[in-house]
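Here is the structure we will look at, set down as structure tokens.
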Amino acid sequence: MTNYTTWGQEYLNEAETLRRRIQTARAEKDYDISGEHARRINTLYNMYLECMVTGHLLQKRGRRRA
């Protein structure tokens with residue numbers, strides 16, 4: 001079974017992947033701040049934040065159990 005610290009790191013790794021994808025999407029030539037593209041970036045950003053919070057929470061829990 002995966003421990004909390006490792007599990008948390010997996011979430012943080014996924015957050016980094018999302019952050020890079022957001023940067024790429026924002027750099028696209030046809031970026032439209034008010035359209036569908038912006039909504040997609042907003043969804044990715046919300047996923048990024050959830051991964052960051054969850055990752056840190058799991059790592060904190062793992063440190064308490066150690």
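As the structure is a prediction and not an experimental result, all values here were calculated from the model.
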Check whether His37 reaches the backbone of Ala25 with its side chain - one donor and one acceptor, N or O, closer than 3.5 Å. yes
For Arg40, enumerate each residue passing the salt bridge (Lys or Arg N to Asp or Glu O under 4.0 Å) test, keeping only those at least two apart in sequence or located in another chain. none
Starting at CG of Leu44, measure out to OG1 of Thr17 and round the result to the nearest 0.5 Å. 11.5 Å
Without placing hydrogens or testing angles, list every side-chain donor-acceptor pair under 3.5 Å for residues 47-55, not counting sequence neighbours.
unit_1, atom_1, unit_2, atom_2, d
Thr54, OG1, Glu50, O, 2.8

Heavy atoms of Thr5 and Arg63 approach each other most closely as OG1-N, 4.2 Å
Just jot down the side chain to side chain donor-acceptor pair (under 3.5 Å) partners of Gln59, sequence neighbours excluded, or say none. Gln9
So how far is it from Asn46 CG to Ile41 CD1, rounded to the nearest 0.5 Å? 12.0 Å
Pick one: which of Arg26, Arg19, Arg21 meets side chain to side chain contact (heavy atoms under 4.5 Å, CB included) with Gln23? Arg19
With rounding to the nearest 0.5 angstrom, report the CG to CH2 distance, Leu57 to Trp7. 10.0 Å
